[in-house]
Amino acid sequence: MEQRTLGSTGPTVSSLGLGCMAMSDAYGPSDRGESIATIHAAFDAGITLLDTGDFYAMGHNEMLLREALKDVARDKVQISVKFGALRGPAGEFAGMDTRPAATRNFLAYSLQRLGTDYIDIYRPARLDPSVPIEETIGGLADLVKAGYIRNIGLSEVGSDTIRRAHAVHPIADLQIEYSLIERGIERDILKTCRELGIGITAYGVLARGLISGHWTKDSGKAGRDYRLMTPRFQGANLDANLALADSLRTIATEIGATPAQVAIAWVAAQGKEIVPLVGARTRIRLTEALGATRVTLTQAHLAALAKAFPPNVAAGTRYAAEQMAHLDSEKPATA
């Protein structure tokens, strides 16, 4: 598999990464054995970047990764971990805490759950409004010096925060949603990252399955699936967005690929500094995603996709209103 380097200072990783969140209940029940088999299949196919969060099912996801990677040489994979999100016993989110003392605590637990003595990329899951980003990054820089983490990343922050963070310590990559129907990064964030030499790990490349070609109006109703609580998966918004998925299916048929493969290939084609994270939780979906690496999008294909998916084409916001209010990445740059 092609390799890409995350920014000017980050690690060299596979051109596709595996996002593991959905293996721990976020999209409804998952099968532990199939999840582990999928991670093994991803590694065998050349995927080396595995993305998780310490709050994914309150540590379940990290322990799943530990089990899946127990026979894999540590230096053959890159583990990316998000931290800082607080949760209650009922699973509810209760804010962020990225104070250096709290960060060290979160890291200690992650190292134990993952069964490793270092993490390749460690990043706050969101901006903590009560802690200056300089303080958070300064604490992470100390952990880099101590050898507990190799690189510092960011997640869902805007250009101003990126600049402030990068001035304290080089940032390897920004993790942010990016897809045919979610292109907010193109307003100014992508330009900022390119200017500073910061890579992009793009999640939500299939809009959480919405444009995968597999989602229907009845999907997700059999189990607890948080997607059903987000605006793009509700009512008239869902109807409009499924019509977009149908447009993608038509273009994909002409290309000779599946909608998911074209959507992933489009994100990968936006720049060599961008690594799409695919959220496959079964080997079947992984195999389909891997097919994106064999899709070549011509200028004619890209033009057709641009016409069908102009900026702001999606109906509804990507998160509920209260979550959108906390996204620093939605704030326009002032510099």
- Counting heavy atoms not belonging to E92, are there more than 12 under 6.0 Å from its CD? yes

- Item | Six-ring centre of Y56, R113 cation under 6.0 angstrom, axis tolerance 45° | no

- Query: Step by step, would you call M1 with L16 a side chain to side chain contact (heavy atoms under 4.5 Å, CB included)?
  - Reply: CA-CA 8 Å; M1 182 176 291; L16 287 183; 4.3 Å; yes

- Message: For R318, is there an ion pair with E156 - N to carboxylate O distance below 4.0 angstrom?
- Response: yes

- Query: Would a distance-only check, ignoring hydrogens and angles, find a side-chain to backbone donor-acceptor pair under 3.5 Å from S14 to G17?
  - Reply: no

- Message: Going by side chain to side chain donor-acceptor pair (under 3.5 Å), name the residues that satisfy it together with S159, two or more places apart in sequence or in a different chain.
- Response: D188, T192

- Item | Side-chain donor/acceptor of Q270 to backbone N/O of V267, under 3.5 Å | no

- Query: Does E67 come within less than 4.0 Å of R32, counting only side-chain N to carboxylate O?
  - Reply: yes

- Message: Which residues pass the salt bridge (charged side-chain N to carboxylate O under 4.0 Å, His left out) test with E134, not counting sequence neighbours?
- Response: R164

- Message: Under a 4.0 Å threshold between the charged nitrogen and the carboxylate oxygen, would K82 count as salt-bridged to D51?
- Response: yes

- Message: Could you check whether R281 pairs with E34 (Lys NZ or Arg NE/NH1/NH2 to Asp/Glu carboxylate O, under 4.0 Å)?
- Response: no

- Item | Ring centre gap for F309 and W266 strictly below 6.0 Å | no

- Can you get from L242 to I251 by hopping between Ile, Leu, Val, Met, Phe, Trp and Tyr side chains that sit under 4.5 Å apart? yes

- Electrostatic pair D128:R99 at N-O distance under 4.0 angstrom: no

- Query: Is it true that atom OH of Y148 has more than 12 heavy atoms of other residues, nucleotides or ligands lying nearer than 6.0 Å?
  - Reply: no

- Could you tell me whether the side chain of T250 and the main chain of D246 form a donor-acceptor pair under 3.5 Å? yes

- Message: Would R87 pass as a cation-pi partner of F55, given that its NZ or CZ must be under 6.0 Å from the six-membered ring centre and within 45 degrees of the axis?
- Response: no

- Starting from the C-alpha separation in whole Å, work towards a yes-or-no answer on side-chain hydrogen bond (donor to acceptor under 3.5 Å, both in side chains) for T317 and R232. CA-CA 6 Å; T317 54; R232 288 182 181 171; over 6 Å; no

- Message: Using a 6.0 Å cut-off, check whether atom CD of Q112 has over 12 heavy atoms from anything other than its own residue.
- Response: no

- Note on the structure: Rounding to 0.5 Å, atoms CD1 (I185) and CD (E177) come to a distance of 10.5 Å

- Donor-acceptor pair between Q175 and S155 side chains, under 3.5 angstrom: no

- Query: Hey, are D120 and R74 close enough for a salt bridge, meaning a charged N less than 4.0 Å from a carboxylate O?
  - Reply: yes

- Relative to Y178, does R183 satisfy both conditions: NZ or CZ under 6.0 angstrom from the six-membered ring centre, and within 45 degrees of the ring's axis? no

- Below 4.0 angstrom, N of the basic side chain to O of the carboxylate: do K272 and E2 qualify? yes

- Message: Can you tell me if D44 has over 12 outside heavy atoms packed within less than 6.0 Å of its CG?
- Response: yes

- Item | In one Ile/Leu/Val/Met/Phe/Trp/Tyr side-chain cluster, 4.5 Å: I149, V13 | no

- Query: Under 6.0 Å from the CD1 atom of I284, do we count more than 12 heavy atoms belonging to anything else shown?
  - Reply: no

- Message: Is it the case that atom CZ in R104 sees more than 12 heavy atoms from other parts of the structure closer than 6.0 Å?
- Response: no

